[in-house]
Every structure is written in C-alpha cells, then in structure tokens.
Amino acid sequence: MSELYAFLFSLGLGVAARVLYLGATALARRTNLLPVTVVLDTLTVLAVGGAFTLFIVLTGTVLAPYLFAALFSGYLFAYWATKRK
C-alpha cells in the first residue's frame, strides 16, 4: 500500500509542479526581467525537488523508476490540460 501512496504523491507533485510553474511564469511576465525569471524558475525546481526528496527520505520509500515516471507523467498531464492552442 505504501507504494501506491508514493505513486499518488509523485503524480500529484507533478501536477503541483506545473501549477507552480504557471504561477512563476505569470509573475515573471509581469516584471519582464531576466534575473527574476531565472530566480523563479530555480525556486520552482528547488521546491519540487525538495518536496520529492523529503518525501523519499522521511517515509523511507524505496527510490524506484516508477516514482520518477509518475512525477513526469503528472507534469505531462497537467501540461496537456493547460497548454494554449
């Protein structure tokens, strides 16, 4: 059962990463400054990577390839749902 929770957490974290990226992009467009964009993108990566790492370390979950696949799949599903035509 813990593998299912880890999978669902990774999938949800992928969706949250896309939402966080959309917010950071909107904020960066308002300022229209390259350093702000770089800082916001770096903070997005650190937040998602940190959350994923903390989850693995604190729960003692075995690091498996399906966790990365779930993370990237969650991001991809959210990307498809929010992309502009």
Side-chain angles (χ1 to χ4, degrees):
M1 196 67 167
S2 66
E3 289 88 8
L4 178 64
Y5 294 143
F7 178 81
L8 292 176
F9 179 80
S10 296
L11 194 65
L13 189 60
V15 172
R18 178 65 182 170
V19 171
L20 186 61
Y21 176 75
L22 287 174
T25 302
L27 186 60
R29 282 189 186 146
R30 288 188 60 104
T31 61
N32 201 20
L33 296 172
L34 185 60
V36 173
T37 303
V38 170
V39 167
L40 287 174
D41 287 345
T42 304
L43 289 175
T44 300
V45 169
L46 289 175
V48 173
F52 185 73
T53 304
L54 279 176
F55 176 76
I56 297 298
V57 170
L58 294 178
T59 61
T61 303
V62 176
L63 191 60
Y66 71 87
L67 293 177
F68 293 106
L71 181 69
F72 297 140
S73 296
Y75 187 87
L76 184 64
F77 294 149
Y79 171 77
W80 284 339
T82 59
K83 73 177 181 179
R84 295 182 182 173
K85 295 178 181 168

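By the criterion of side-chain heavy atoms lying less than 4.5 angstrom apart, applied directly or through intervening Ile, Leu, Val, Met, Phe, Trp or Tyr residues, Phe72 is grouped together with Phe7 in one hydrophobic cluster. Residue Val38 is not grouped with residue Leu43 when hydrophobic side chains (ILVMFWY) are merged at heavy-atom distances under 4.5 angstrom, including chains of intermediate members. At a threshold of 4.5 Å between side-chain heavy atoms, the hydrophobic network of Ile, Leu, Val, Met, Phe, Trp and Tyr places Leu4 and Phe68 in one connected group.
One finds the OG1 atom of Thr82 at 13.0 Å from the CZ atom of Phe77 (value rounded to the nearest 0.5 Å). One distance of note links NZ of Lys83 with CG of Leu76; it measures 9.0 Å at 0.5 Å rounding. Annotation: the span from Leu63 atom CG to Ile56 atom CD1 amounts to 5.5 Å, rounded to 0.5 Å. One finds the OH atom of Tyr66 at 12.5 Å from the CG atom of Leu11 (value rounded to the nearest 0.5 Å).
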>> Is there a side-chain contact (heavy atoms from CB on, under 4.5 Å) between Leu40 and Tyr21? Walk through the geometry before answering.
In response: CA-CA 9 Å; Leu40 287 174; Tyr21 176 75; over 6 Å; no
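The shortest heavy-atom contact between Val48 and Ala17 is CG2-CB, 3.5 Å. Scanning all heavy atoms of the two residues, the minimum distance from Val15 to Gly74 falls at CG2-O, 3.5 Å.
You'll find the side chain of Phe52 reaches within 4.5 Å of the side chain of Leu67, heavy atoms only. Asp41 is listed as a side-chain neighbour of Thr37, based on a closest heavy-atom distance under 4.5 Å.
Within a 6.0 Å radius of CZ in Phe55, other residues, nucleotides and ligands contribute more than 12 heavy atoms. In the displayed structure, Tyr5 atom OH is contacted under 6.0 Å by at most 12 heavy atoms of other residues, nucleotides or ligands.
Put simply, the side chain of Thr61 never gets that close to the backbone of Val57: no donor and acceptor are under 3.5 Å apart.
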